[in-house]
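So the structure is just underneath, and the comments pick up after that.
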Protein chains: 2
Amino acid sequence: MSVDPNNPIPIYQQITDYIRRSIAAGVYRPGEMIPSLRVLALELTVNPNTVQRAFETLEREGLIHPRKGLGMFVTRHGATSAQSQSRTAVYETFVQGIRAGYDANMTTRRIRGVFEQAARDVATEVRSAK
Amino acid sequence: MSVDPNNPIPIYQQITDYIRRSIAAGVYRPGEMIPSLRVLALELTVNPNTVQRAFETLEREGLIHPRKGLGMFVTRHGATSAQSQSRTAVYETFVQGIRAGYDANMTTRRIRGVFEQAARDVATEVRSAK
DNA sequence: TGCTGTGCACTAGCTTACTAGTGCACTATA
DNA sequence: TATAGTGCACTAGTAAGCTAGTGCACAGCA
């Protein structure tokens, strides 16, 4: 993974999203330890505190929990929680897009068409990235 | 219209979006003048400069153009431009959501399902608002 | 020709968010 | 028992973004 300082999305959130996705995708499994503060900070050339902030939100979300002196571990239900959270995030994004469409006086049919095109485009993009 | 100061989206952008949507929806037609800086500022209880900033972006987008001493007028192709811009905005939002889905290891089928549900939810929400 | 309404430019203050620096308490392990 | 690796708490600086204040030049109209 890498972090883009120029991205308007703050670094700590980029890290949060990345770890959450990794847990959802099964890269880090329940009971496993995720990379430590300093390891991540060193790898991303970022202050440990920035990583810490990402950990806080993930802990608040119930995806990871700390074991004193050891590290952060993926929660028992971390994977399923992460998946359902990812799902709601996707859902919210779609709702936002659809609302914007209606606000701009687009028809349901037209909005659907835009989604289909986006789906095709991203699908080919993902396929070619493999 | 009203403006929400607590909304994380900055006020000037809320105003920008509102006017853009209004032009796309045909509330303000090509050749017509849109409400002036001070009128909008007074109505929204906001500093004229904040409205001014909204005007700048709309002018940069080619939706409105100024006539000295008179006001801001909707461009000849303002309506169609606004519509196509709204369309790209919706498209980009969808792309973002779909990408997030793939990143979280969701299948294409599942992503589609989430969209369908969002579409249904927003549709009923819009219908009941009428 | 004065008055009113228009956009525009300049400055300034403020708040908020983000990142960095640093030290401390805890655990496992040799 | 010493050492190295963990998360965590506190402070502080910095940067950027947003909003407000104010005055100026221009156009129409009575």
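This is a predicted model, so every value here is computed, not measured. Values below: all heavy atoms of this structure, side chains included; hydrogens, waters and symmetry mates excluded. Chain A is the first sequence line, chain B the second, and so forth, proteins listed ahead of strands; every chain is numbered from 1.
Note on B/Tyr28 and B/Val51: same hydrophobic cluster, where clusters join Ile, Leu, Val, Met, Phe, Trp and Tyr whose side-chain heavy atoms are under 4.5 Å apart, directly or indirectly. A/Val90 and B/Val90 fall within a single hydrophobic cluster, where Ile, Leu, Val, Met, Phe, Trp and Tyr side chains are chained together by heavy-atom contacts under 4.5 Å. Hydrophobic clustering places B/Leu63 together with B/Ile34 (ILVMFWY residues linked when any side-chain heavy atoms are closer than 4.5 Å, directly or through intermediates). If you chain together hydrophobic residues whose side chains sit under 4.5 Å apart, A/Ile19 and A/Leu37 fall into the same group. Under a hydrophobic-cluster definition in which Ile, Leu, Val, Met, Phe, Trp and Tyr are linked whenever side-chain heavy atoms come within less than 4.5 Å, directly or via other members, A/Met72 and A/Val27 are assigned to the same cluster.
A donor-acceptor distance shorter than 3.5 angstrom exists from the side chain of B/Ser84 to the backbone of B/Ser81, with no hydrogens or angles considered. The backbone N or O of B/Ile9 sits less than 3.5 Å from a side-chain atom of B/Gln14, completing a donor-acceptor pair. Without hydrogens or angle criteria, B/Gln83 side chain to B/Ala24 main chain gives a donor-acceptor distance under 3.5 Å. Between the B/Gln13 side chain and the B/Pro10 main chain, no donor and acceptor come within less than 3.5 Å of each other. Counting only distance, with no hydrogens or angles, the side chain of B/Thr124 and the backbone of B/Asp121 share a donor-acceptor pair below 3.5 Å.
Put simply, CG on A/Leu40 is 10 Å from P on D/dT6, counting in whole angstrom units. The CD-P distance, from B/Gln52 to D/dT22, rounds to 18 Å in whole Å. The nearest whole Å value for the distance from the CE atom in B/Met33 to the P atom in D/dG28 is 12 Å. B/Phe73 has its CZ atom 9 Å from the C1' atom of C/dT6, to the nearest Å. Taking atom CD of B/Glu56 as the reference point, atom P of C/dC8 lies 8 Å away to the nearest angstrom. At whole-Å resolution of the value, CG in A/Leu37 and C1' in C/dT22 are 14 Å apart. If you take CD1 of A/Ile34 and C1' of D/dG5, they are 15 Å apart, rounded to a whole angstrom. Atom-to-atom, CG of A/Leu42 to P of D/dT6 comes out at 11 Å; the value is rounded to the nearest Å.
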With 3.5 Å as the limit, what N/O pairs link the protein to nucleotides 13-15 of chain D?
none

For nucleotides 25-30 of chain C, print each protein N/O atom paired with a nucleotide N/O atom at under 3.5 Å, atom names and distance only.
from: C/dT27; atom 1: O4'; to: A/Lys68; atom 2: O; distance (Å): 3.4

Report all interatomic pairs (protein N or O, nucleotide N or O of nucleotides 16-19 of chain C) with separations under 3.5 Å.
from: C/dC18; atom 1: OP2; to: A/Tyr12; atom 2: OH; distance (Å): 3.4
from: C/dC18; atom 1: OP2; to: A/Arg53; atom 2: NH2; distance (Å): 3.3
from: C/dT19; atom 1: OP1; to: A/Ile11; atom 2: N; distance (Å): 2.9

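The aromatic rings of A/His65 and A/Phe73 lie tilted to each other, with the angle between the two planes from 30° to 60°.
Here A/Ser36 reaches the OP1 or OP2 of D/dT6: one of its side-chain N or O atoms lies under 4.0 Å away.
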